[in-house]
S.K.: 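Take this structure, written in structure tokens, and hold onto it; I'll ask about it next.
Chain letters run A, B, ... following the sequence lines, proteins first and then strands; every chain starts at 1.
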Amino acid sequence: MYAVPALAYTNSTISHSEQSKEGNFDVNSLELNEVGVLRVLTTMRDDPYLALSFLKRIEGNGDSLPSVSAYAAVIRIVCSWSLDEKLSSLFVGIIRKGDQGRGFSVVDLLNAVGDAEEDEKLSFLLRSRVSSALVKAYAEVEMFDEAIHLFWGIDQLRWDADADTYLVVVQALYRKGDGEGVEKFHSKLLSSETRKHCGFYMDFIEGLCVNEMSLVGYILLRPLRDANILVDESDLATAYGKVVKGLCNEMKLEEAESALHDMEECGIDPDVSVYSAVVEGHRKNMSFSKALRFVNDKVAQKGERIINPVIASSMLQCWCQMGKFSEALDQVVAFRNLNITLDRFCYNVAFDALIKLGRVDEAVELFREMTCEGIDPDVVNYTTLIGGCCQHGRCGQAIDLIMEMESKGKPPDIVVYNVLAGGLARNAENAYGVLKLMEDRGVKPTSVTHSMVIQGLIVAGKIDEAEALYQSLEEDKPGGNVAGGIVKGYCEAGRLDEAFERFIRLDFPLPKNVYFTLFASLCAAKDIDKAQKLVERMWELGVEPVKSMYGKLIGAWCRVGDVRKAIRFLKVLKGREIVPDLFTYTIMIKTCCRLNKLKQADALFRDMKKRGIRPDVVTYTVLAKNNPEEIDTDMKTCGVKPDVFYYTTAINTYYRLNNEKRARAAIQEMKRGGIVPDVATYTALINSYYRLNNRKKAYDLFLEMKRRRICPDVVTYTVLLNHDPKLDVKREMRDLRIKRDVHYYTVLIHHKCKTGEVEEAERIFREMKESGVEPDVVSYRAIIAGCLRNGYVRDAKRFFQEMREKGIEPPPAEASKNVVLLHTKSNTERRVSRTKIQEALY
DNA sequence: CTAGGGTTAG
């Protein structure tokens with residue numbers, strides 16, 4: 001080998017690989033001058049790792065740091081082995097150390113590397129590779145300016161960089177908000193002078209998508225296509241697919257759908273997995289109906305074949321997450337009729353739906369059918385069923401199922417045992433039996449097991465037993481799991497005060513979900529003072545609350561109409577340097593508007609802008625309810641795009657303010673913007689026309705919406721009935737499976753009272769309660785007023801009594817002020833009926 | 001860790 005002369009310096013004859021393993025070059029014992037170092041490095045051409053460790057040794061040596069040529073030599077070796085990452089980390093080291101004491105700059109180094117190569121082509125490649133690595137190194141140590149600067153420098157020298165480098169640079173440009181740079185970058189990428197291989201662009205786009213910059217990928221796709229850079233059909237399909245999926249991962253569903261649209265417009269048939277990404281994206285975004293609509297549209301276009309088990313299970317989950325369990329089951333039936341294959345995930349959602357509806361036997365039955373279809377149930381399927389049985393008190397059945405698992409050679413895991421143990425405990429059955437069983441099977445209970453049992457015991461009312469178990473597990477405290485079980489148990493048992501007392505006494509942190517459960521229960525029970533104390537206690541214990549809790553707390557204060565406390569908490573946050581987010585500001589502004597504190601709303605709006613939080617279309621929608629004209633211009637200057645929600649509010653508000661001209665203009669603008677009206681928009685319009693006494697136009701709109709296959713909802717029918725009580729909509733509503741709500745019943749009651757049919761009104765009131773719809777203040781007020789007006793004083797008193805017993809209070813005085821503003825017409829009438837009620841009752 | 005917006009009733 002060519003290394004013979006150098007071996008003399010090492011004073012050794014060991015092989016390269018052994019040396020690299022040990023890294024045992026004893027530099028210290030050698031007197032090496034620069035020439036010597038270079039000669040040693042020449043011998044290491046075939047062992048980059050050895051060269052690197054050799055360099056490190058010299059660096060560590062102290063008195064004579066490696067020269068620029070020594071670095072250049074190592075870099076050339078590492079480069080020739082394509083060890084790009086090593087190269088970058090070498091540069092990171094050099095950059096971190098800075099220039100001091102080294103005597104050369106990074107540019108010197110770059111030149112030294114390139115100059116040493118005589119072959120022009122090789123020199124070009126070498127320089128390109130090295131500068132790429134250097135750009136990446138700068139980005140890694142967050143010296144973005146240097147990275148960008150160097151990148152443009154490479155450009156001038158006509159070197160080239162790889163896709164990863166482009167990625168790092170575009171990331172840096174966006175991060176710095178350098179619009180001009182971005183522009184320049186994009187045109188460089190597309191210019192014919194610097195045209196690269198197709199593979200480069202594919203790598204670059206993929207890189208954008210995995211680094212959460214899919215939007216940039218989307219922006220580039222069309223120009224790349226137009227510039228004939230991406231021409232190959234299958235490449236285009238891949239690139240588009242990655243961009244759509246990337247956008248879905250980043251929750252940019254609107255953009256994802258529009259990218260998909262572009263894709264289809266170019267005649268590319270997307271892979272089904274692209275569709276499923278969109279569906280899942282919508283679902284994760286909690287836009288369930290959008291997810292379902294998307295599938296329906298695609299099915300209409302391409303037929304049912306696009307529904308694979310993944311899409312099917314997403315759809316089923318959408319129904320369930322909307323709480324529409326029977327609809328989920330109808331969907332299962334539909335899938336089966338269409339011969340769409342379902343997998344165990346789909347079936348699992350179906351079991352869950354049946355269980356939620358209390359149809360445990362049918363769940364088990366379906367489980368058997370699934371098995372007959374040749375789908376082998378897994379441990380998750382069993383867990384769902386066993387948990388479901390326990391939830392409905394079918395402990396025997398649950399135990400049978402766990403035995404079945406064993407007999408079929410599917411040993412239950414810790415999760416199944418935990419679910420069963422907790423389930424038995426909450427049914428006041430013997431949970432210790434499960435613990436015993438676990439012991440026999442060699443599955444060790446964890447603190448989660450104990451936590452679930454304790455929680456179950458509390459739900460079953462066996463407080464002493466739970467406490468005794470807790471005491472016996474004292475040493476289990478660290479994770480806080482078991483104590484958390486106690487708190488959650490009290491929460492679930494509806495004993496919130498005890499849960500809170502328990503929680504406040506604990507001086508160690510609990511699992512985060514415990515805080516969240518208690519917090520959510522307190523908010524739901526409107527015990528917001530305690531919810532706030534909980535947050536403060538978390539701070540004391542050094543547990544960082546989930547950021548959403550701040551917004552939720554403020555939202556809770558807002559919901560009960562206590563803006564003062566909301567603002568006070570906002571100040572506490574300010575003191576802790578926590579900036580409220582867009583959500584929080586929006587709900588505060590909404591509440592101020594609702595309570596007619598318009599100045600306060602405006603102040604908040606300005607404050608959020610000042611603190612760099614950009615209002616979005618939701619914020620503007622909230623504000624549009626008050627002064628639509630001013631808000632409209634502000635929104636448009638800020639570049640926020642209106643959507644259906646916004647237009648519906650604007651149109652409705654203009655009509656309410658009798659500004660028909662602006663209302664019509666808004667409708668036109670909406671149409672021009674390609675925004676399609678939906679149920680709510682139509683309903684608002686129908687209502688407005690009724691109020692303008694244009695009954696024909698109102699009803700025509702109702703027919704039009706149905707023609708356009710926009711399904712009316714309970715609000716639409718409520719509006720219709722409110723203005724035209726004689727309409728018979730019962731059948732239609734039943735066919736469309738529209739559930740009646742408080743508003744709907746209240747309109748009926750009010751109408752019957754007006755025509756003196758008090759008994760009929762009372763019957764409807766009863767029907768409402770029987771169908772599980774809780775009457776609220778408004779409905780009570782309607783029935784009470786109706787009874788009084790028609791001389792049914794005793795009935796009125798009875799209803800009044802009932803209302804009080806339910807703890808239903810009239811809304812705070814401030815709130816009704818705004819109501820007065822919104823419904824000027826009926827105001828006097830209402831005031832009369834209210835005094836009448838009071839006169840009659842006291 | 002799900003949080004904020006539109007249409008209806010007194």
S.K.: Which nucleotide, B:dC1, B:dG5, B:dA9, lies nearest any side-chain atom of A:His750?
M.R.: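 Nearest nucleotide to the side chain: B:dA9.
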
S.K.: Can you figure out which of B:dC1, B:dT7, B:dG6 approaches the side chain of A:Asn513 most closely?
M.R.: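 The answer is B:dC1, which lies nearest to the side chain.
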
S.K.: Quick one: sort the A:Trp539 and A:Tyr550 rings into parallel, tilted or perpendicular, breaks at 30° and 60°.
M.R.: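 A:Trp539 vs A:Tyr550 ring planes: tilted.
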
S.K.: Which nucleotide in the set B:dT2, B:dG6, B:dA9 lies at the smallest distance from any side-chain heavy atom of A:Val747?
M.R.: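 The listed nucleotide nearest to A:Val747's side chain is B:dA9.
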
S.K.: Picking from B:dA3, B:dG4, B:dG6, which would you name as closest to the side chain of A:Met286?
M.R.: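 Comparing B:dA3, B:dG4, B:dG6 against the side chain of A:Met286, the answer is B:dA3.
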
S.K.: When the distance from NE2 of A:His743 to P of B:dG10 is rounded to whole Å, what number comes out?
M.R.: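 The distance from NE2 of A:His743 to P of B:dG10 comes to 10 Å, rounded to the nearest Å.
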
S.K.: Using 30° and 60° as the class boundaries, would you call the ring planes of A:Tyr515 and A:Phe503 parallel, tilted or perpendicular?
M.R.: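 Perpendicular, since the angle between the ring planes exceeds 60°.
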
S.K.: Compare the aromatic ring of A:Phe516 with the six-membered base ring of B:dC1 and state whether they stack according to the 5.5 Å and 30° rule.
M.R.: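 A:Phe516 vs B:dC1: stacking yes.
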
S.K.: Counting distance only, does the side-chain N/O of A:Asn790 pair as donor-acceptor with the main-chain N or O of A:Gly786 below 3.5 Å?
M.R.: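 Between the backbone of A:Gly786 and the side chain of A:Asn790 there is a qualifying donor-acceptor contact (under 3.5 Å).
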
S.K.: Would you please confirm or rule out a distance under 4.0 Å between OP1 or OP2 of B:dC1 and any side-chain N or O of A:Lys284?
M.R.: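 The answer is no; no side-chain N or O of A:Lys284 sits under 4.0 Å from OP1 or OP2.
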
S.K.: Rounded to the nearest angstrom, tell me the gap between atom CE in A:Met670 and atom C1' in B:dG6.
M.R.: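 The distance from CE of A:Met670 to C1' of B:dG6 comes to 11 Å, rounded to the nearest Å.
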
S.K.: Please tell me which of the listed nucleotides, B:dT7, B:dC1, B:dA9, lies nearest to the side chain of A:Asp713?
M.R.: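 Closest nucleotide among those given: B:dT7.
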
S.K.: What is the separation between atom CE on A:Met251 and atom P on B:dA3, rounded to the nearest whole Å?
M.R.: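 Computing the A:Met251:CE to B:dA3:P distance gives 11 Å.
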
S.K.: A:Ala680 near the nucleic acid: base, sugar-phosphate alone, or nothing, with a heavy-atom cut-off under 4.0 Å?
M.R.: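 Base contact.
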
S.K.: To the nearest 0.5 Å, what is the distance between CG (A:Asn626) and CG (A:Leu657)?
M.R.: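 It is 9.5 Å, given to the nearest 0.5 Å.
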
S.K.: Can you measure A:Arg656 atom CZ to B:dG6 atom P for me and round it to whole angstrom units?
M.R.: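 So the CZ-P distance, A:Arg656 to B:dG6, works out to 11 Å.
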
S.K.: Which of the following nucleotides, B:dT2, B:dG6, B:dG4, is nearest to the side chain of A:Thr621?
M.R.: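 The closest nucleotide is B:dG6.
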
S.K.: Output the single nucleotide from B:dT8, B:dG6, B:dA9 whose closest atom is nearest the side chain of A:Asp776.
M.R.: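 Taking heavy atoms from C-beta onward, the closest nucleotide is B:dA9.
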
S.K.: What is the distance, rounded to the nearest whole Å, between atom CZ of A:Arg594 and atom P of B:dG6?
M.R.: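 My rounded result for the distance is 11 Å.
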
S.K.: A:Leu522 CG to B:dC1 P: how many Å, rounded?
M.R.: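 After rounding, the reported distance stands at 21 Å.
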
S.K.: For A:Glu774 and B:dA9, what is the distance between atoms CD and P respectively, to the nearest whole Å?
M.R.: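 It works out to 22 Å between those atoms.
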
S.K.: A:Ile686 has an atom CD1; how far is it from atom C1' of B:dT7, in whole Å?
M.R.: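 It works out to 10 Å between those atoms.
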
